[in-house]
Amino acid sequence: MEDDRSENGIVEHKAYARVGLLGNPSDVYYGRAISFSLGNFWASVRLEPSTDLVIFPHPTHDLVQFNSLPYLVNRLQTDGYYGGVRLLMAICKIFYNYCKENNINLHDRNFKLSYDTNIPRQTGLSGSSAIVCAALSCLLDFYKVRHLIKLEVRPNLILNAEKELGIVAGLQDRVVQVYGGLVYMDFSKKHMEELGHGLYMPMTMDLLPPLYLIYAENPSDSGKVHSTVRQKWLDGDKFIISSMEEVANIPLEGHTALLEKDYTKLANLMNRNFDLRRQMFGDDALGALNIEMVEVARRVGAASKFTGSGGAVVVFCPDGPSQAKLLEDACEKAGFVFQPAKVMPSFLNEVDIETLSSKLKQTI
């Protein structure tokens with residue numbers, strides 16, 4: 001979460017897209033993850049003191065005026081029914097209720113909220129949670145309660161706001177968007193039940209090799225078949241449970257590989273992560289376009305996997321810039337966008353760190 005305060009009580013914050021480097025989707029299954037904050041894309045929220053509480057629709061993402069009925073239908077088919085207004089409203093509700101339940105007093109002044117985002121839609125780069133994350137940070141500062149809401153609890157508030165709207169997701173994205181930088185996360189059942197959240201350990205960014213991003217500008221074929229993995233896991237399916245446990249162990253190995261800068265191991269783990277996902281979910285659920293993004297990288301010998309649930313791919317080129325150039329050319333032919341991944345540093349300030357339990361402070 002990047003801090004950008006202005007005069008006259010105006011508060012602005014940015015939250016960046018994120019890349020799930022290793023472990024997804026095991027964060028929803030008491031697993032582990034390593035993710036980083038992606039500086040290529042972000043969402044920003046602006047809060048301005050106001051007489052009335054106003055949430056402004058975005059001129060592009062919250063469109064309510066259309067040229068024609070076919071245009072409206074086409075827009076819904078590509079972008080869905082919802083923009084960011086509902087996200088801002090949901091986090092306001094969750095934030096207020098949390099403060100009320102925890103006896104955190106809020107002043108009675110009002111505000112105007114507006115947002116902007118350049119995170120490509122349907123790319124698995126966590127565009128929705130970035131808007132919510134930036135808005136939460138604005139609320140923390142406007143009400144001057146940043147020191148009263150623990151850092152490790154904030155991802156839960158963001159996720160709860162999204163759950164209000166029927167968005168199904170795990171904590172991984174929200175953790176890295178709150179913390180920034182490169183983060184190792186352990187969501188084991190013991191931690192989740194005892195603490196209500198996972199254990200989150202920031203890592204030094206310079207442990208990462210150069211990484212790249214591939215995504216489709218028009219991700220129409222993003223998997224049309226609803227996955228049954230969650231239900232199978234709940235039903236005790238042995239293959240799904242053992243495969244998900246293997247996915248959850250990948251970040252454990254990845255943590256060591258990064259600390260030792262064993263990038264051959266990292267490449268193998270990235271590929272294994274995707275292969276396990278593919279075996280569990282099946283090609284129909286993943287979508288041909290998403291699979292092709294992974295394959296285009298593999299055909300030049302690069303390691304690749306989804307950044308999230310599909311729509312974008314994170315790539316490591318073990319042979320360096322010449323291999324990256326080959327991949328760039330291949331992506332251009334395939335109609336994919338290819339660009340270096342920019343890792344954003346941690347955004348935490350002293351107030352944020354002070355909210356952590358003493359045990360967790362030692363990891364920052």
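Numbering of residues begins at 1 and proceeds along the displayed sequence.
The OH atom of Y98 sits 12.0 Å away from atom CD1 of I94, with the distance rounded to the nearest 0.5 Å. For the atom pair K144 NZ and I104 CD1, the distance stands at 15.5 Å (nearest 0.5 Å).
Using a 4.5 Å heavy-atom threshold, the side chains of F306 and M293 count as separate. Proximity of R18 to V176: side-chain heavy atoms (C-beta onward) are separated by under 4.5 Å at one or more points. Contact annotation: the side chain of F316 approaches that of P209 to within less than 4.5 Å [non-hydrogen atoms, C-beta and beyond]. L266 has its side chain within reach of L258: a pair of non-hydrogen atoms, C-beta onward, lies under 4.5 Å apart. Considering only heavy atoms from C-beta on, M185 comes within 4.5 Å of Q172 through its side chain. E162 places a side-chain heavy atom less than 4.5 Å from the side chain of S128. For the pair N110 and T51, the minimum side-chain heavy-atom distance is 4.5 Å or more. Between N102 and L148 the shortest side-chain heavy-atom distance does not fall below 4.5 Å.
Side chain of T355 to backbone of L151: a donor-acceptor contact under 3.5 angstrom is found. For Y212 (side chain) and V314 (main-chain N/O), no donor-acceptor pair under 3.5 Å exists by modelled atom type. Of the possible donor and acceptor atoms, one in the side chain of T307 sits under 3.5 Å from a partner among the backbone N and O of G124. Between the N290 side chain and the G311 main chain, a donor and an acceptor come within less than 3.5 Å of each other. Side-chain N or O atoms of N349 include one that pairs as donor or acceptor with a backbone N or O of V351 at under 3.5 Å. Although no hydrogens or angles enter the test, the distance criterion places no donor-acceptor pair under 3.5 Å between the side chain of E48 and the main chain of F111. Under a 3.5 Å cut-off, the side chain of H255 and the backbone N or O of I250 do not form any donor-acceptor pair. The backbone N or O of L53 sits nowhere less than 3.5 Å from a side-chain atom of S50 that would complete a donor-acceptor pair. The backbone N or O of F338 lies less than 3.5 Å from no partner atom in the side chain of E328, so there is not a single donor-acceptor pair. One N or O on the side chain of N273 and one on the backbone of G23 form a donor-acceptor pair closer than 3.5 Å.
Between H58 and Y115, the ring-plane angle classifies as tilted under the 30° and 60° cut-offs.
More than 12 heavy atoms of other residues, nucleotides or ligands sit less than 6.0 Å from atom CE of M205. Within a 6.0 Å sphere centred on CD of E193, heavy atoms belonging to other residues, nucleotides or ligands number more than 12.
Salt-bridge check for E295 with R278: passed, with a basic side-chain N closer than 4.0 Å to an acidic carboxylate O.
Taken together through direct or relayed side-chain contacts under 4.5 Å among Ile, Leu, Val, Met, Phe, Trp and Tyr, V313 and L326 form part of one hydrophobic cluster.
Cation-pi check for R277 over F281 is met; the charged atom lies under 6.0 angstrom from the ring centroid and within 45 degrees of its normal.
Close placement of the Y215 and F41 rings is indicated, their centers lying within 6.0 Å of each other. A ring-centre distance under 6.0 Å is not found for Y30 and F187.
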Candidate pair E164 and R86, rule salt bridge (Lys or Arg N to Asp or Glu O under 4.0 Å), full reasoning: CA-CA 10 Å; E164 282 275 310; R86 66 185 186 132; over 6 Å; no
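D352 is linked by a side chain to side chain donor-acceptor pair (under 3.5 Å) to R146, R154, counting only residues two or more places apart in sequence or in another chain. Not counting sequence neighbours, the partners of N271 by the side chain to side chain donor-acceptor pair (under 3.5 Å) test are R298. Y29 pairs by the ring-ring contact (aromatic ring centres under 6.0 Å, His included) definition with W233, not counting sequence neighbours.
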